[in-house]
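Below: the structure, in structure tokens.
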Amino acid sequence: MADELPVTRFESEIVDLVKKHDVVVIIGETGSGKTTQISQILHRAHFTASGMIAITQPRRVAAVSVARRVASEMNVRLGEEVGYSIRFEDRTSDKTQIKYLTDGCLLRELLSDSELKQYSVIILDEAHERSLNTDVLLGLLKRLAGRKCPDLKIVITSATLDGEKFSSFFSGCPVMKIPGKLFPVEVLYSTEQPINYIESAVQTALEIHTQEGPGDILLFLTGKDEIDKAIKKLEDRIRLLEEGSCMDAVILPLHASLEPELQVRVFAPSPTTCRRIIVATNIAETSLTVDGVVFVIDPGVVKQHQYSPATGMYSLVVVQISRVQATQRAGRAGRTRPGKCYRLYTETMFENELAAVTVPEIQRSSLTSAVLHLKSLDLKEVNVLEFEFLDPPSRASLEDALQQLFIIDAIREDGSITSLGKRMAVLPLEPSLSRALLAAEEASCLNEALTIAAMLSCESLFVANSKKSSSNKRDLEFKNLPDGKGLGDHIQLLQIYEEWREDGFRAEWCEQHGVKTRSMMFARDIRKQLSQIIQWESKGSSRYKQKGPDLVALRKSLCIGFSNRLAHRMQRHNGYRTLGTKSQLVQVHPSACSMEVDDDGLLPEWVVYNELVNTGRPYIRNVCAVEGSWCQPALKKLSSLSVNKLGGTQSNSGQRAKQEEKETVQTEKAGLEKPSAVQKEVVAAARRPLFEGPKNIAFCTKAGDYVKDMVCCLQGLQSLSVE
DNA sequence: GAGCACTGC
């Protein structure tokens with residue numbers, strides 16, 4: 001079977017190239033067999049004599065399934081000659097020669113073995129996906145290649161024709177191209193830009209269903225909401241079709257937040273008697289492959305997470321896909337036989353308006369973790385601001401990361417890493433959370449803080465209610481859950497975990513309480529891993545309280561991680577350009593001080609709320625973001641004050657923003673150039689004299705876009721007034 | 001009444 005793969009025809013060429021060069025780029029289209037074969041080819045050429053071959057994958061499932069396949073092709077037991085290593089699971093042994101691992105795992109290994117001495121070859125697979133981890137690895141491997149580690153060979157594999165870019169990054173290394181095994185896909189463009197792409201997509205699906213021959217349909221949308229909406233439309237209209245006029249249809253949703261049992265339905269063999277219409281998010285673009293798809297409908301949009309170093313916040317925005325993504329989507333129609341791809345945009349738009357490639361993740365993310373990682377590697381002669389990235393992030397983004405790290409005591413003013421920073425880098429957590437753990441260790445409440453950190457690391461704890469009518473039922477379920485004693489979300493998370501633990505970690509407990517079993521199990525694994533790491537690091541000297549948790553100490557510890565970040569924001573908004581010390585912050589902002597050192601150990605959101613209640617006006621100056629359950633009362637209180645014209649009630653403005661987003665989704669870009677209706681109102685309100693003294697407002701997150709809008713606007717105002 | 005793409009340590 002392996003002989004049929006295109007890559008095997010190039011065996012001797014690949015071996016020659018890798019022997020002659022330190023770095024080789026291999027471009028292999030889908031179906032070329034590069035992921036399973038290149039490791040075996042290099043193994044046969046005895047590269048494993050001097051060390052293991054590592055192949056990185058962006059995803060866990062891929063690392064596991066590919067390792068399994070290679071082991072069976074080589075007729076060895078998994079975990080012996082061929083193994084894999086992912087978080088929570090290391091299936092390698094002394095015998096292992098070929099090791100598949102996630103890119104994040106290899107990055108972790110670099111922390112303890114900075115020259116990767118145990119490997120002879122590193123293969124960075126799927127480099128075109130440009131995950132944050134892959135990009136950091138690319139930069140680090142460039143430093144290792146050649147001079148520093150003369151025996152280490154590096155192979156970069158990618159699916160797009162972006163070989164020249166990789167090659168010039170690695171000082172002109174050779175590029176080899178291997179053909180793929182995709183069937184031709186006919187691409188059809190819209191003649192005009194649809195006003196509503198969901199409606200247009202549903203129409204197209206119906207036309208295919210009633211007019212085309214057999215073959216499943218894959219429709220890309222941006223999120224769960226849209227998917228549910230489209231499915232309802234499709235179901236309604238297919239029901240209206242005349243009985244027997246066409247084949248039956250099964251409509252299936254596919255997105256990451258779907259219960260695994262429902263996700264599996266998409267991978268069951270396609271029934272011959274009816275057509276499947278799969279309505280999916282981007283998950284079907286790379287992560288999951290659905291067999292049997294012959295028709296792809298591509299509205300050309302995707303929901304993207306992007307970080308703004310100016311506001312220090314992430315937003316989810318709907319953006320146009322790139323031409324690379326469009327090609328990838330089309331390719332999904334040609335895996336089993338020739339297919340068709342319907343693009344719901346014009347050819348002119350494809351040529352002229354779509355970006356050639358997707359903005360790499362490294363330019364859309366907070367770099368705090370990545371920079372801390374680089375700092376902890378102790379690379380001499382390296383200034384992070386000048387670190388060589390394939391696509392360098394903006395200077396603002398790097399400076400933001402450095403400032404955040406300084407604020408949480410991870411680096412000094414000269415940029416060197418502190419001993420605290422070194423310990424934080426080893427923890428697989430967002431640095432501010434690592435900082436909170438170390439503070440908790442100091443305050444003898446590590447046990448509880450570990451639980452909170454683990455609970456914060458798993459997404460969507462609560463079971464989603466599918467129907468609106470069940471919301472009452474959901475409320476009942478929530479009544480059985482701890483409420484955090486009015487001390488905030490973090491304490492509530494701790495209490496939930498504690499109750500589950502006391503109950504013996506049972507799945508039934510989760511089901512009874514409306515909590516996702518999978519998330520709780522995940523939290524348990526993370527907690528175990530964190531506690532192992534932090535105790536190795538502190539050489540087993542961590543202290544535990546024998547009695548119940550000291551909640552005040554615990555919340556204070558969390559503040560050291562989180563509220564410093566808050567103070568940092570305020571500092572920046574007050575126009576401090578240089579890195580300040582904490583005593584300066586105290587002068588800038590009394591609340592920043594009280595948040596950090598207050599004996600009550602109050603959480604920031606509580607501080608905000610308290611100030612509102614006690615003083616009747618926000619004492620907090622300038623913009624800041626507050627996380628937690630107190631944001632709702634705080635927001636209400638604030639809107640009952642003089643700020644009540646801030647775009648009406650929260651839900652109204654939210655709806656308005658949504659509506660506007662719908663209308664302008666194809667063209668509107670995020671940012672300040674085109675303020676939304678909400679933004680305009682906020683700007684107007686902020687211009688009205690509210691309080692004496694500097695014009696300033698404190699705000700709370702968890703109210704989503706609304707607050708982001710405000711922060712963006714006030715940012716804009718601030719810079720105006722500076723001029 | 002939040003949460004809302006996808007990964008990963």
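Keep in mind the model is a prediction, meaning the values are calculated, not measured. In what follows, every chain begins at residue 1, and chains take the letters A, B, ... in the order their sequences are listed.
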Starting at [atom1] of [X] and ending at [atom2] of [N], how long is that distance when rounded to a whole Å?
X: A/Leu101; N: B/dG8; atom1: CG; atom2: C1'; result: 12 Å
X: A/Asp225; N: B/dG1; atom1: CG; atom2: C1'; result: 13 Å
X: A/Tyr307; N: B/dT7; atom1: OH; atom2: C1'; result: 19 Å
X: A/Leu111; N: B/dC9; atom1: CG; atom2: P; result: 14 Å
X: A/Gln529; N: B/dC9; atom1: CD; atom2: P; result: 9 Å
X: A/Arg87; N: B/dT7; atom1: CZ; atom2: P; result: 15 Å
X: A/Glu226; N: B/dG3; atom1: CD; atom2: P; result: 19 Å

Side chain of [X]: nearest nucleotide among [options]?
X: A/Ser287; options: B/dA5, B/dC6, B/dC9; answer: B/dC6
X: A/Arg60; options: B/dT7, B/dC9, B/dA5; answer: B/dC9
X: A/Arg59; options: B/dG8, B/dA5, B/dC9; answer: B/dG8
X: A/Ile86; options: B/dC9, B/dA5, B/dT7; answer: B/dC9

- request: Return no unless some side-chain N or O of A/Thr102 is found under 4.0 Å from OP1 or OP2 of B/dC9.
  value: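 Affirmative; the distance criterion is met.
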task: Tell me whether the OP1 or OP2 atom of B/dC9 has a side-chain N or O from A/Ser369 closer than 4.0 Å.
output: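 No.
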message: With side-chain contact (heavy atoms from CB on, under 4.5 Å) as the test, pick out the partner of A/Met455 among A/Met520, A/Arg527, A/Arg524.
response: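 Per the side-chain contact (heavy atoms from CB on, under 4.5 Å) rule, the option paired with A/Met455 is A/Met520, out of A/Met520, A/Arg527, A/Arg524.
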query: Between the side chains of A/Arg332 and A/Thr289, does any donor sit under 3.5 Å from an acceptor?
result: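 Yes, side-chain donor-acceptor contact under 3.5 Å.
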query: Are side-chain N/O atoms of A/Asp162 and A/Thr160 paired as donor and acceptor at under 3.5 Å?
result: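 Looking only at side-chain atoms, A/Thr160 and A/Asp162 do not form any donor-acceptor pair under 3.5 Å.
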message: Using a 4.0 Å heavy-atom cut-off, does A/Arg108 contact any base of the nucleic acid, only the sugar-phosphate backbone, or nothing at all?
response: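 Here A/Arg108 touches the bases of the nucleic acid.
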- request: Answer with base, sugar-phosphate or nothing: what part of the nucleic acid does A/Thr281 contact at a heavy-atom distance below 4.0 Å?
  value: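 A/Thr281: backbone/sugar contact only, no base atoms under 4.0 Å.
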message: Going by the rule salt bridge (Lys or Arg N to Asp or Glu O under 4.0 Å), which residues pair with A/Arg59 if we only count those two or more places apart in sequence or in a different chain?
response: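 Once residues adjacent in sequence are excluded, the partners of A/Arg59 under the salt bridge (Lys or Arg N to Asp or Glu O under 4.0 Å) criterion are A/Glu129.
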- prompt: Starting at the 5' end of DNA chain B and moving along, which residue's nearest nucleotide shows up first, A/Arg364 or A/Asn133?
  reply: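 The residue whose closest nucleotide sits nearer the 5' end is A/Arg364.
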message: Heavy-atom nearest nucleotide on DNA chain B for A/Cys105 versus A/Ala256: which residue maps closer to 5'?
response: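 Its nearest nucleotide lies further toward 5', so the answer is A/Ala256.
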- request: Report yes if the side chains of A/Thr102 and A/Thr56 come closer than 4.5 Å at any heavy-atom pair, otherwise no.
  value: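 When only atoms from C-beta onward are counted, A/Thr56 and A/Thr102 do not touch, as no gap falls below 4.5 Å.
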